[in-house]
Amino acid sequence: MKQSLQGIGASPGIAIARACFLSSERYVPEKRTITDAAREVGRFREAIAVAQGEIEAVRAAAEAKLGAEKAEIFEGHLMILEDPDLVDAIIEKIEGECVSAEFALYEVAQSFIELLQSMEDELLRGRAADIEDVSGRIMSHLRGVPHTDLANLSEECIIIARDLTPSDTAQLNLNVVRGFITEVGSRTSHAAIMARSLEIPAIVGAGASVRAIPERAVVVMDANEGIVIADPAAEVLEQYREKKRTDDLRRSELEKLKNRPTLSKDGKQVELAANIGKLEDIQRAIDNGAEGIGLFRTEFLYMGRSSLPSEEEQFASYKYALEKMNPKPVVIRTLDIGGDKDLPYMELPKETNPFLGQRALRLCLERQDLFRTQLRALLRASRYGNLKIMFPMIAVLEELLEAKRLLDEERRKLLAEGVEVSDTIEVGMMVEIPAAAISADLFAPEVDFFSIGTNDLIQYTMAADRMNETVAYLYQPWHPSLLRLIRLVIQAAAKEGKRVGMCGEMAGDSTAIPLLLGLGLHEFSMSAGSILSSRELIGRLSRAEWSDHANRALGMRSSKEIAQYVETIRNGVTT
Ligand code: PEP
Ligand code: MG
């Protein structure tokens, strides 16, 4: 059987080994009535005591292997063992219904698990896995069967399971376990978080099809892409072996850069930040050495639901992001809806040219109710970190001034209500419309920073819809017209002593980075996975030299010519 599955890459890397299934079936005890309730309660308490000793040992091992912070999960497990809500409910069930300890444990734990799994809050849902873990351990002692001994696996393998509990993950014998794949789970499940700390490749949420992989089949897992291939053909196997060699080498080198500043070869410092859409992305940004969040696309908070998020909901999200990144900066962009991002519940009128229509700030200035709600949530959250507010899709100065006026009005209202608001919030704008780029000098005195949104700036400069395949040939990031606009923006900002970032995809593009560094860009914001390789690239570039190269490139006639020029210089071939 040859098959390829797609899951979520939860911890990067490539692994090749035989599949080893971890039985994930939870034991479901039959209802058994008992006559000696005291004896049954005694068995239950004894099983708890043994589990306690075991968890303490696992905790100590995890602390040695992963550090105190990660071992905290097991403190949580010990607390579950002492949790009167759970323990007393089980004892009451044994005594009140005269049922076996196994049955009472299963029933009570299951009701807790189901309740927690139905919660919105991700942390509470995570607690369901903890209760499953702990109750499984107690159950194995009640039944006298050993808890699966992951620490004693002896053959190189990739573990495949429905899910892995935190204690499973902490016990993995890293001398033989090459990676793991789970049917369920998300990037933020405990197992995924621990896999990242252990730095073993992990793919989660690969779906029920993983069960069709035969036990001991050779499996290739590419956790960088979330791909699982079982029983690969010989040439595919060789291809992945080669990919793995290159990947391992590169990753171990890149990891060293995680907590380093981003410096060019000639010692000029720039900032590498991450673009995020969901709160879960923040951890990924941190894991990849982001020096801040350069773009928080808040529209994702408004999507996938049936009504607008309340001020409270938004406040909680912004506060979370700011606290998690503090003291690093978080640039939060106000709602950018419209264009390709629709909110069906708002029933916005259909437009002939939605990308040129009432999107983003244009809509917010019209629908001030929803804009003011967002501004209030942002201002209230500001005291929890280093907030920068950014307005999207500005074409003319009046739009910026109006947005700032509304922000100021909401600030004054909050202060009058006695709400604390930071007085160091920077306010900036995206430059994604050619009109704003060309007249950047008019905007520069009015903002604290610019962030160039090349995804839109390219489509508007070229009049080529970014979604339309047939005109994709015009979507040219390195075209002289784009580079000239970028230079205009950087020069206008420099005159006012303001910083310029870029949060369009171009900022993480290895052909563009040398030119952008040369043009004097201060901040590059990109998807988290590109940060370390970009930091490494910048370390090999001299800004002074690339300033000359960029000026030369700006005089060239086509994207192709510019790309070839960059390639030639980067390969060290002089022209
Ligand atoms: C951009 O236009 O470059 C940008 C970052 O915004 P979005 O992709 O969300 O439109
Ligand atoms: Mg945009």
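Every heavy atom of this structure was used, including side-chain atoms; hydrogens, water molecules and symmetry mates were not.
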If you round to the nearest 0.5 Å, how far is CD1 of I538 from CD of Q269?
11.0 Å
Can Q314 and Y302 be counted as having a side-chain donor-acceptor contact under 3.5 angstrom?
yes
Any side-chain donor near an acceptor of the partner, Q110 and E114, under 3.5 Å
yes
Exceeds 12 heavy-atom contacts within 6.0 angstrom, atom NZ of K278
no
Report, as yes or no, whether the 6.0 Å neighbourhood of atom CD on E255 holds more than 12 heavy atoms from other residues, nucleotides or ligands.
yes
Approximate separation, where rounding is to 0.5 Å, of R127 CZ and D133 CG
12.5 Å
Inspect the contact between E523 and K388 and indicate whether a charged nitrogen and a carboxylate oxygen are less than 4.0 angstrom apart.
no
D247/K243 salt bridge by N-O under 4.0 Å criterion
no
Does E242 CD have over 12 foreign heavy atoms under 6.0 Å away?
yes
Student check: side-chain heavy atoms of L295 and S451 closer than 4.5 Å:
no
Are there over 12 heavy-atom neighbours, none belonging to K413, within less than 6.0 Å of that residue's NZ?
yes
Between K328 and E271, is there a side-chain N and carboxylate O pair less than 4.0 Å apart?
no
Counting C-beta onward and ignoring hydrogens, is there a side-chain heavy-atom pair between R45 and I91 closer than 4.5 Å?
yes
